[in-house]
Amino acid sequence: MLSSLTYRIIGTILLAGAMVQPLNAQDGGSTAYNFLNVTSSAKIYGLGGVNISLVDDDINVIDQNPALLGSEMSNTASVNYMRYLGGSNFAGARYGRSAGERGAWAASIQYFGYGSMKETLPDGSVVGSFSPKDVAFGGTYSHDITSRLRGGIALKALYSGYAEYSAFAIATDLGINYYDSDRDLSLSVVLANLGGQVKRFNQAYDRLPFDVRLGWSQTFGTFPVRFSVTAWNLTKWKLPYFETGDGSNSATAVLKEGFMSNLFRHLVFGADLVAHPNYYISLGYNYKTRTDMSTYSRNFLSGFSLGAGLKVKSFGFGIAFAQPHSGGSTFMLNLGLNIDEIL
């Protein structure tokens, strides 16, 4: 039976979601800071880029759900690198440690660089170049509420620098995870990116991409594959897009906004091989990514992602690959270390 503390924590998360959603639905302002939706975990990226229920010893998975952090990740460190679309390069580091018998904490830094861009005046004349960037400093804490239920909170300080303009924001993630080890069943709820700007670029206010997410992961019997389904973008049901056919001049763009189209654009599917704890292979499918790239240049691989990892003694290595568009591929690399195992 769940304790009164458990009910209070769950109630607080649901209440926060109910309070923040209307604020994000107000007119005016824009949604920025979408780099917050880019995972730092090669394992998660191989599973479609969004997964809040993957119980694993990889400390990078906690950027999806702070409740996935646990004492099993104590004294572990990881660095990550991602070659993203348009010549962008992302990199970061994370460290975690246990806090008492039922708690754990982690600290991280993540850098998002978008390459060099031309700086122009309103009349179009080029006056130089600049390199826009975003930096996220993070702190995470989790606590075991019961033997199967864990709650977590992450606080992120966000700095953005674009030419002579800069901005600063604060974001918070709240998460709950239920894990039944007997059935290898994991269920999660996350409120992602609560918060707002402290310092604006100019007088316009940019909103954070607040989101409510639900997740399920499970294996069945002795079958060595774990299946996952993550529902995201749940603050908005309608996610229409235009299907442009073969991309020719004679093709007419068709608006897709039916029930099934909206439903699947909210879902990310993943499966990973868990036959042995020292290696994995993962496959993901993100229908929203595929339909967002609904152009002549979309190919068969759009929306799919593939990952693999290997653990040798105290060291872990993970890679992931995706090709959202025929003109651009993305690659991610993780290197992890369990410091206790080498001391």
Side-chain angles (χ1 to χ4, degrees), residues 14 16-39 44-45 47-53 64-65 84-86 171 173 187-194 196 204-216 227-271 283-305 322-330:
L14 295 177
M19 293 175 64
V20 174
Q21 183 174 346
L23 294 177
N24 283 287
Q26 292 177 0
D27 294 333
S30 62
T31 299
Y33 299 94
N34 287 311
F35 63 87
L36 292 172
N37 292 326
V38 180
T39 181
I44 298 297
Y45 195 65
L47 289 169
V50 186
N51 188 309
I52 66 168
S53 54
Q64 298 285 292
N65 180 358
Y84 203 60
L85 300 172
D173 296 342
L187 302 171
S188 291
V189 181
V190 170
L191 301 184
N193 306 320
L194 297 128
Y205 180 78
D206 293 317
R207 295 196 303 267
L208 272 64
F210 169 71
D211 194 13
V212 177
R213 300 171 182 175
L214 305 175
W216 163 83
F227 298 95
S228 297
V229 180
T230 306
W232 68 315
N233 288 311
L234 297 183
T235 60
K236 182 180 181 181
W237 166 248
K238 291 186 178 181
L239 298 174
Y241 73 98
F242 283 94
E243 176 64 60
T244 55
D246 61 3
S248 63
N249 293 332
S250 59
T252 301
V254 179
L255 179 64
K256 299 289 186 179
E257 56 179 349
F259 175 83
M260 294 304 295
S261 173
N262 281 312
L263 174 64
F264 279 95
R265 278 170 63 81
H266 284 285
L267 301 177
V268 178
F269 302 91
L283 176 67
Y285 180 66
N286 189 322
Y287 182 72
K288 186 177 186 300
T289 297
R290 181 170 180 82
T291 51
D292 284 346
M293 297 296 173
S294 180
T295 67
Y296 180 73
S297 297
R298 184 181 73 184
N299 61 17
F300 174 78
L301 294 178
S302 297
F304 288 95
S305 55
Q323 193 177 51
H325 196 275
S326 63
S329 300
T330 57

Please check: side-chain N/O of [X] versus main-chain N/O of [Y], any donor-acceptor pairing under 3.5 Å?
| X | Y | result |
| --- | --- | --- |
| E243 | V254 | no |
| N193 | P209 | yes |
| D211 | N233 | yes |
| N286 | G303 | no |
| S53 | S188 | no |

Can you measure from [atom1] ([X]) to [atom2] ([Y]) and round to the nearest 0.5 angstrom?
| X | Y | atom1 | atom2 | result |
| --- | --- | --- | --- | --- |
| L214 | I52 | CG | CD1 | 6.0 Å |
| F269 | L47 | CZ | CG | 13.0 Å |
| F210 | T235 | CZ | OG1 | 6.5 Å |
| R290 | F264 | CZ | CZ | 14.0 Å |
| L191 | L234 | CG | CG | 10.5 Å |

Q: Can you see which heavy atom on D173 is nearest to which on A192, and at what distance?
A: OD1-CA, 3.4 Å
**Q.** Heavy-atom closest contact (V268 atom, W232 atom, distance)
**A.** CG2-NE1, 3.5 Å
Q.
So, using side chain to side chain contact (heavy atoms under 4.5 Å, CB included) as the criterion, who are the partners of L263 when residues are at least two apart?
A. W237, F259, M260, L267
**Q.** Residue pairs fulfilling salt bridge (charged side-chain N to carboxylate O under 4.0 Å, His left out) with at least one residue in residues 252-261, sequence neighbours excluded
**A.** none
Q. Does F304 have any ring pair (Phe, Tyr, Trp, His ring centres under 6.0 Å) partners at least two apart in sequence or in another chain, and if so, which?
A. Y285, F300
Q. How would you list, by chain and number, every residue that makes a ring pair (Phe, Tyr, Trp, His ring centres under 6.0 Å) with Y84, sequence neighbours excluded?
A. F90
Q | Pairs flagged by side chain to side chain donor-acceptor pair (under 3.5 Å) wherever residues 258-271 is involved - sequence neighbours left out | A | R265-T291, R265-D292
Q. Which of these, V50, N51, T330, V38, sits in a side-chain contact (heavy atoms from CB on, under 4.5 Å) with Y45?
A. T330
Q.
Going by side chain to side chain donor-acceptor pair (under 3.5 Å), name the residues that satisfy it together with T39, two or more places apart in sequence or in a different chain.
A. D63
